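Read the structure below first, then the notes.
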Amino acid sequence: MRSAKAIFIRQATDLFKNRLVMVQYIIFPVVAFIFTEMVAKADESIPDYMFVSMFAAIFAGMTLVATTAGVIAEDRENKSLRFLIMAGVKPHEYLLGIGGVILAASFLVSLAFALMGGFSAANFARFLTIMMLSSTASILLGASIGMLVRNQQAATAIGMPVAMILGFGPMLAMFNTTVEKIFSFFYTQQLNVVANDFTVDLTKPITIVLVNIAFLLVLFTVAYRKKGLSA
Amino acid sequence: MIQMTNVIKRFGSQTVLTDVSFTAHTSQIFGLLGPSGAGKTTIINILTNQLQADGGSHTIDAAPFETGLMLDEDGLYVRLSCLENLNLFADIYGLPRSRSKEVLESVGLQDAAKKAVSALSRGMRQRLALARAIINEPKVLFLDEPTSGLDPTTARGIHKLINGLRERGSTIFLTTHNMDEAVKLCDHVALLHKGVIVEQGVPKEICERHNAIKTVPDLEAVFFKLTGAELE
């Protein structure tokens, strides 16, 4: 745990110095706020939380995948990860350190979304729970992409389309039942369902998200062991 | 101690190391000399388990956390300061953060402690990479071309530091294509050419064997005599 804490501190320091990544965290809540204030509140047929749920799902599905992949690909490309591995850092410690900071940042963003949505106490907790679980899955997916690609450029080239498919897939699923069936196995679809319908039973969505997390955790561990030292 | 016995390494159909054997004893500076592409970095990568050999064996009498590493690609975090880079490794090794300041001072970078790595010169980056490599007072230290591209003053400072580490009991394995550096620093050297060790021993004795002592031992002349190749 000592190494995880050390990497957490390093990643948090680095995040504050990396304005490009910071912008990606701030942009979605800001856009959601503008849409909520200017469109949703002006039109009574649109629920106040509609844009909050929509942008929260895009944030969890896209931003976190892309930024995690970028951070890890950067560590590999400039060989920083090689020195961590040589110092005895284990895959779970590296992931806890990097992922912990991104998850903490995601929690703050999710909190901003939840406050904007004006949810009741129960729905507030539901929303945060599914956001945190989906964020965990996205971080693991981004981390695996970051590990498997050759460099940062490739991380963007591969990470962005994957993130877009995951982020926008649930919207496409609203208009096509085949797509809906396929996407029902993905965590972003479950996030979209729960964030837009507060009456849905959480058992199935949470189970699917947890299965996604387990699969992605295995993928990351294999990728770290195989590709951690190479670039 | 670092030992390699009959190590073979191939990349595809190309054999890059052929029957490489040597021993670097405890508290010794062992120099691996050869031109670019001779296989020096491949040997370091095998010794530090970053690459698997295709044959032979190697041993190091130190655990991974007791080794230090300085490679040609420094792997420093460019947005972080010198001190933040060192604090990361002090934290990983469970050392007090005062140790970061100590090693920063030992490489003469105390005035650049809060400077971002991206703002450092090449020489300063190399010294910071060395500081990171020695932060845990390693039993075994691997240095890949530690003074390559540095001005003579900075190089001399690094030589002094390396000698100090040897005196404190570290075994140092360094690669270089600078024969003067090898003669001045190393207790034992191996000359590597196209993946084959063509000669090894105490630098002065090697030069004597090959009649290459003029006013000072001339390893470069020995290398040229044995391989017909220039070092650069």
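Naming convention: chains lettered A, B, ... in sequence-line order (proteins, then strands); numbering from 1 in each chain. Keep in mind it's a predicted model, so treat the numbers as computed, not measured. All values below come from the heavy atoms of this structure, side chains included, with hydrogens, waters and symmetry mates left out.
Going from atom CZ of Arg10(A) over to atom CG of Leu80(B) covers 6.5 Å, rounded to the nearest 0.5 Å. Atom CZ in Phe83(A) sits 4.0 Å away from atom CG in Leu71(B) (nearest 0.5 Å). Note that the CZ atom of Phe65(B) and the OG atom of Ser3(A) stand 12.0 Å from one another [nearest 0.5 Å]. Note: Arg79(B) CZ to Lys17(A) NZ = 10.0 Å, rounded to the nearest 0.5 Å. The line from CG of Asn87(B) to OG1 of Thr13(A) is 9.0 Å long, rounded to the nearest 0.5 Å. Note that CD1 of Ile92(B) is 5.0 Å distant from CD1 of Ile7(A), once rounded to the nearest 0.5 Å.
The shortest non-hydrogen separation linking Arg82(A) to Asn45(B) is NH1-OD1, 4.2 Å.
More than 12 heavy-atom neighbours from other residues, nucleotides or ligands sit within 6.0 angstrom of CE on Met171(A). The local environment of CZ in Phe33(A) is sparse, with at most 12 non-hydrogen atoms from other residues, nucleotides or ligands closer than 6.0 Å. Heavy atoms of other residues, nucleotides or ligands lying less than 6.0 angstrom from CZ of Phe185(A) number 12 at most. In Glu37(A), the CD atom is crowded: over 12 heavy atoms of neighbouring residues, nucleotides or ligands sit closer than 6.0 Å.
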**Q.** CA sep, side-chain torsions, deciding dist, call: Leu76(B), Asn78(A), side chain to side chain contact (heavy atoms under 4.5 Å, CB included)
**A.** CA-CA 8 Å; Leu76(B) 295 164; Asn78(A) 59 29; over 6 Å; no
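Most heavy-atom pairs under 4.5 Å with chain A, from the set Gly68(B), Ala133(B), Gly94(B): that is Gly94(B).
For chain B, the nearby part of Glu74(A) is the side chain; its heavy atoms alone come within less than 4.5 Å. For Tyr93(B), the parts lying under 4.5 angstrom from a heavy atom of chain A are both the backbone and the side chain. Interface residue Asn18(A): backbone and side-chain heavy atoms are both found under 4.5 Å from chain B. Glu84(B) touches chain A through its side chain: at least one heavy atom from C-beta onward sits under 4.5 Å away, while N, CA, C and O do not.
Taking 4.5 Å as the limit, some side-chain heavy atom of Met86(A) sits within range of a side-chain heavy atom of Thr48(B).
When atom types are taken as modelled, the side chain of Ser80(A) and the backbone of Tyr77(B) share no donor-acceptor pair closer than 3.5 angstrom.
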